[in-house]
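This report concerns only the one structure given below.
For clarity, every value in this text was computed on a predicted model and none was experimentally measured.
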Amino acid sequence: MVRLDSFRSNLGKIGLGLILAVSVAGCVDKSKYEMSINPGDSMPGEVANSFDFSTVQKVNLNVDYSAFKTYGPVFFSVYTENPFIEVEDAPDDQWNENVKPIYEDYTGENGKFNAVVELPAYAQHLYIATGNFFTGMMLLEADVKNGAASVVAENQQVVAARGGTRAEGDGVSTADLSKLNLTTVGKNKIYNDWKNWLGTWNSASGRPDYLLTKTTNNSNLWISDEEMEGLYAAVGTAFVSGSAMNDEYISYPDLLLTQDSEVTFTLLGGSTCWKSSLGYYYYTDDNKPTKPSDINIIMLFPNTQDGQWARYALKNGETYNGIGVERGDVVQLMYYPNIANNDNKDATTVFPKGTRIGFILKTQAWAMQGNNYSIRCKNNKFYNNKYNTWCATTDGLSYCSPIGNQGTFLNPNGDSRGAKFSYKTKNGDNYTIISFEDAMDDQDFDDLIFALKPVGVFAPLPEIANKKSSTTGVYAFEDLWPNKGDYDLNDAIVNAKHEKEFNDKGKIIKETFYLTTYQNYVELTNGLALTLNTKKEPSSIAMKKVASGSTEAEEVSFTKDGNVYYLTEDFNGELGTTYILELTYTNPLESSADLASIQPFIYRSEGNQNWEVHIPMEAPTAKMNTSYFGKGDDRSNPSDGSYFVRQGNYPFGFYLKNADISAFEETILKRENESISIDKFFPGFLDWSISGGTTNQDWYLRPNQ
């Protein structure tokens with residue numbers, strides 16, 4: 001940064017340079033003189049630049065998924081580039097984790113969203129994506145025109161005639177189920193033969209003959225239509241197709257019965273073209289299995305192909321035959337006390353207290369049986385034993401064959417491939433939910449989802465975590481205001497994050513503002529403060545701070561004056577510190593239009609008044625010493641709402657929507673780059689500034705370009 005003394009000593013040189021440059025410039029646009037001569041210099045007689053240097057646009061965004069039955073709000077994300085990628089040797093597209101959203105939200109219960117949202121000004125073509133379980137991974141595109149963008153999802157999943165999809169057989173289990181246990185056909189067994197003790201099934205489709213029929217005397221074992229609606233709403237919240245499942249759910253121990261109880265299994269759905277086989281096993285903590293051959297597996301569903309999903313004729317031309325299960329199908333689990341001796345005598349429906357129940361999924365097992373109904377998926381690319389994988393809910397018991405998988409999707413430690421969590425209703429009932437990932441190619445764990453009953457008989461599982469989303473931005477200030485500076489914009493840099501937390505209804509229950517401090521070099525002592533603007537009164541506001549080098553947030557009490565929070569008096573003395581304001585709402589916000597906002601600024605205390613610098617056009621606080629306005633290089637005019645403006649094309653500060661501090665760590669924050677104007681590292685800045693923000697709107701995302 002060029003300080004006042006060195007700046008004054010160079011005035012003569014600057015003036016001479018200016019005269020020479022004007023004489024040579026001829027007919028060149030005068031608005032560019034400042035750029036070619038010296039940062040901050042303005043041509044005589046120019047008025048204040050009316051450009052507010054804003055990188056934000058307000059867009060009336062309309063998103064409509066109402067063509068689908070989604071059982072609740074749909075979470076969606078907005079991007080400026082395609083967030084989906086096709087992965088080689090994987091059956092489905094996946095999310096590109098390197099592509100970050102610029103906005104995220106929930107629709108209403110009806111699947112519709114319409115609100116005015118703030119997006120980066122450069123966002124002109126939008127990619128709107130969801131991984132909702134009931135819509136599948138869906139990508140819609142829209143252009144921002146006249147301040148609006150709209151997408152309406154069409155349900156192109158044409159339901160085929162049901163009668164033609166289920167192949168009928170003789171109703172007995174004639175398939176060669178020994179293949180369930182082989183690493184590859186004809187090779188050694190990894191698991192013991194599965195036990196077909198629950199009953200028989202259709203030999204063509206695999207649909208069981210032992211499904212539980214709903215009666216008045218077993219109502220606590222099956223899920224009512226009302227309960228199913230709630231569970232489906234929970235599924236819509238917990239799962240994002242193509243996106244990683246919560247690690248806590250995956251590694252959690254198997255289900256533990258806290259009392260003697262019957263147990264039933266209810267299918268909620270699946271999201272895969274594969275025909276796998278599902279079994280269950282049980283054990284106690286003092287006899288926990290340590291290797292695959294330790295478990296005795298009982299066949300539950302020979303073919304897990306979900307009928308509702310399979311009847312869709314999808315865009316890839318995939319075909320499906322031999323539906324094995326329907327959503328809502330219920331099977332009652334049986335307990336065999338002598339199973340270790342391969343004896344099914346004395347079977348009972350009651351499992352003893354202290355029993356843990358686990359599940360195992362053999363991928364493509366039904367399709368590997370050699371019948372005419374083997375799956376053909378994605379142009380016949382994925383079939384038979386391509387994925388020779390066993391997925392267990394118990395850590396250490398899963399297995400992948402390196403031969404069948406060609407060394408691609410291995411699981412050397414046998415980690416759990418089943419997620420376990422609970423859905424808690426308003427009246428406090430906890431429903432146990434299990435889901436599987438049927439290979440090693442993604443982590444979304446939505447390939448098979450089911451719930452268990454009765455309610456309240458299992459040890460607590462992690463509850464579905466609230467969804468969180470965040471947007472980022474960077475504030476940068478020159479601290480020599482109202483005098484000319486060097487316009488390196490690195491005197492005070494604040495990395496800002498605004499996080500929203502949603503409840504299971506898609507309503508906002510908490511929002512948190514994080515501000516982290518950075519700078520290159522300064523001699524002046526500045527403070528950091530913010531003005532908090534709320535539309536709905538929070539139930540509480542917590543103030544926290546994470547010191548530089550720490551990961552723990554501590555409760556603090558910032559100095560407060562009305563809605564102004566003074567975070568620190570010494571910006572330089574607390575570099576790398578993160579300041580936090582956490583707003584909690586007992587009554588959830590109905591929409592993002594009710595969100596709070598912040599206006600960070602730098603300040604220095606001068607008795608009862610402050611010296612302050614805000615971004616252009618932003619009004620100061622009531623404590624501002626207004627005598628600074630109009631002094632030096634400032635051209636503020638409070639009467640018409642023009643604050644912190646000047647004649648030239650460099651501002652005293654700005655906010656960069658959707659920016660990340662990483663672009664500045666390698667440019668203006670490097671010590672050797674002190675006092676070098678920002679356009680030297682972001683060449684697009686000048687065109688953007690000169691054009692009044694109409695060109696090069698993403699300049700700050702492209703350092704040295």
Self-check item: Heavy-atom closest pair, residues Leu489 and Ala476
Solution: O-CB, 3.5 Å
Practice problem: Look at the side chain of Thr667 and the backbone N and O of Ala663, then say whether any donor-acceptor pair between them is shorter than 3.5 Å. | Solution: yes
Quiz item: Under 30°, 30 to 60°, or over 60°: which ring-plane class applies to Tyr487 and Tyr650, parallel, tilted or perpendicular?
Solution: tilted
Quiz item: Can you name the nearest heavy-atom pair linking Pro616 to Phe53, along with the distance?
Solution: CG-CD1, 4.0 Å
Quiz item: Lys505 versus Pro588: any side-chain heavy-atom pair under 4.5 Å?
Solution: no
Quiz prompt | Student check: side-chain heavy atoms of Asn572 and Thr525 closer than 4.5 Å | solution = no
Quiz prompt | Short side-chain donor-acceptor distance under 3.5 Å, Glu511 and Tyr585 | solution = yes
Quiz item: Just by modelled atom types, is the Gly693 backbone N or O under 3.5 Å from a matching donor or acceptor in the Gln697 side chain?
Solution: yes
Quiz item: Has the side chain of Asn503 got a donor or acceptor atom that lies under 3.5 Å from a matching backbone atom of Gly506?
Solution: yes
Quiz item: Would a distance-only check, ignoring hydrogens and angles, find a side-chain to backbone donor-acceptor pair under 3.5 Å from Ser691 to Thr695?
Solution: yes
Self-check item: Pairs flagged by ring pair (Phe, Tyr, Trp, His ring centres under 6.0 Å) wherever residues 501-520 is involved - sequence neighbours left out
Solution: Tyr106-Phe502, His498-Phe513
Quiz prompt | Check: Val546 main-chain N/O paired with Ser550 side-chain donor or acceptor under 3.5 Å | solution = no
Self-check item: Polar contact flag, side-chain donor to acceptor under 3.5 angstrom, Tyr103-Asp105
Solution: yes
Exercise. Taking atom CD of Glu552 as the centre, report whether more than 12 heavy atoms of other residues, nucleotides or ligands fall under 6.0 Å from it.
Key: no
Quiz item: Can you list every pair that meets salt bridge (charged side-chain N to carboxylate O under 4.0 Å, His left out) and has a residue in residues 566-575, with sequence neighbours left out?
Solution: Lys545-Glu574
Quiz item: Quick one: do the Asp488 and Ser677 side chains pair a donor with an acceptor below 3.5 Å?
Solution: no
Exercise. Check whether any side-chain heavy atom of Leu126 lies under 4.5 Å from a side-chain heavy atom of Leu119, and answer yes or no.
Key: yes
Quiz prompt | N/O donor-acceptor pair under 3.5 Å between Thr516 side chain and Gly576 backbone | solution = no
Quiz item: More than 12 heavy atoms of other residues, nucleotides or ligands under 6.0 Å from NZ of Lys560: is that the case?
Solution: yes
Quiz item: Between Phe558 and Tyr565, is a ring-ring contact (aromatic ring centres under 6.0 Å, His included) present by the stated rule, with each step listed?
Solution: CA-CA 6 Å; Phe558 302 129; Tyr565 292 77; 7.1 Å; no
Exercise. Indicate yes or no: at least one non-hydrogen side-chain atom of Val474 is less than 4.5 angstrom from one of Tyr655.
Key: no
Quiz item: Looking just at side-chain N and O atoms, do Asn62 and Ser150 make a donor-acceptor pair shorter than 3.5 Å?
Solution: yes
Self-check item: 4.5 Å side-chain heavy-atom contact, Leu530 and Tyr579
Solution: no
Quiz item: Can you name the residues that form a side-chain contact (heavy atoms from CB on, under 4.5 Å) with Asn98, not counting sequence neighbours?
Solution: Asn96
Self-check item: For Gln519 against Leu669, the heavy-atom pair lying closest together
Solution: C-CD2, 3.5 Å
Quiz item: Nearest heavy-atom pair of Glu463 and Tyr249: which atoms, and what distance?
Solution: O-OH, 3.3 Å
Quiz item: More than 12 foreign heavy atoms under 6.0 Å from NZ of Lys507: is that the case here?
Solution: yes
Self-check item: Thr578 side chain to Leu515 backbone, donor-acceptor under 3.5 Å
Solution: no
Exercise. May I ask you to check whether Phe682 and Phe664 place their ring centres under 6.0 Å from each other?
Key: yes
Quiz item: For residues Tyr475 and Gln599, is any side-chain donor paired with an opposing acceptor at under 3.5 Å?
Solution: no
Self-check item: Residues in side-chain contact (heavy atoms from CB on, under 4.5 Å) contact with Asp634, at least two apart in sequence or another chain
Solution: Trp481, Pro482, Phe629, Ser636, Phe652
Quiz item: Any chance CG of Asp143 has more than 12 other-residue heavy atoms, nucleotides or ligands included, within less than 6.0 Å?
Solution: yes
Quiz item: Excluding sequence neighbours, so at least two apart, what forms side-chain hydrogen bond (donor to acceptor under 3.5 Å, both in side chains) with Asp504?
Solution: none
Self-check item: For Asn610, all residues meeting side-chain contact (heavy atoms from CB on, under 4.5 Å), sequence neighbours excluded
Solution: Tyr566, Tyr603, Ser605, Glu612, Lys623
Practice problem: Answer yes if the side chains of Asp633 and Asn483 hold a donor-acceptor pair under 3.5 Å, and no otherwise. | Solution: no
Quiz item: Ser77 side chain to Glu104 main-chain N or O, any donor-acceptor pair under 3.5 Å?
Solution: no
Quiz prompt | Minimum heavy-atom distance Ala123-Ile102, with the two atoms named | solution = CB-CD1, 3.7 Å
Quiz prompt | Crowding at CG, Asp640 (>12 non-hydrogen neighbours, <6.0 Å) | solution = yes
Practice problem: Determine whether more than 12 heavy atoms belonging to other residues, nucleotides or ligands lie under 6.0 Å from atom CG of Asn60. | Solution: yes
Quiz item: What's the shortest heavy-atom distance between Ser592 and Lys500, and which atoms?
Solution: OG-NZ, 3.5 Å
Quiz item: Does the Gln57 side chain pair with the main chain of Pro120, one donor and one acceptor, at a distance under 3.5 Å?
Solution: yes
Quiz item: Under 3.5 Å, side chain of Thr107 to main-chain N/O of Pro73, donor-acceptor pair present?
Solution: no
Self-check item: Pair Lys467 + Glu501, salt bridge at N-O below 4.0 Å
Solution: no
Quiz prompt | Test of ring centre spacing under 6.0 Å for Phe51 and Trp688 | solution = yes
Exercise. Verify the distance criterion only: is there a donor paired with an acceptor across the side chains of Asn49 and Arg646 at less than 3.5 Å?
Key: no
Quiz item: Between Tyr79 and Tyr127, is the ring centre distance below 6.0 Å?
Solution: no
Exercise. With salt bridge (Lys or Arg N to Asp or Glu O under 4.0 Å) as the test, would you mind laying out the steps for Lys544 and Glu582 before giving the verdict?
Key: CA-CA 8 Å; Lys544 301 177 181 180; Glu582 187 178 274; 3.4 Å; yes
Quiz item: For the atom pair CG (Asp660) and NZ (Lys497), what is the distance rounded to the nearest 0.5 Å?
Solution: 10.5 Å
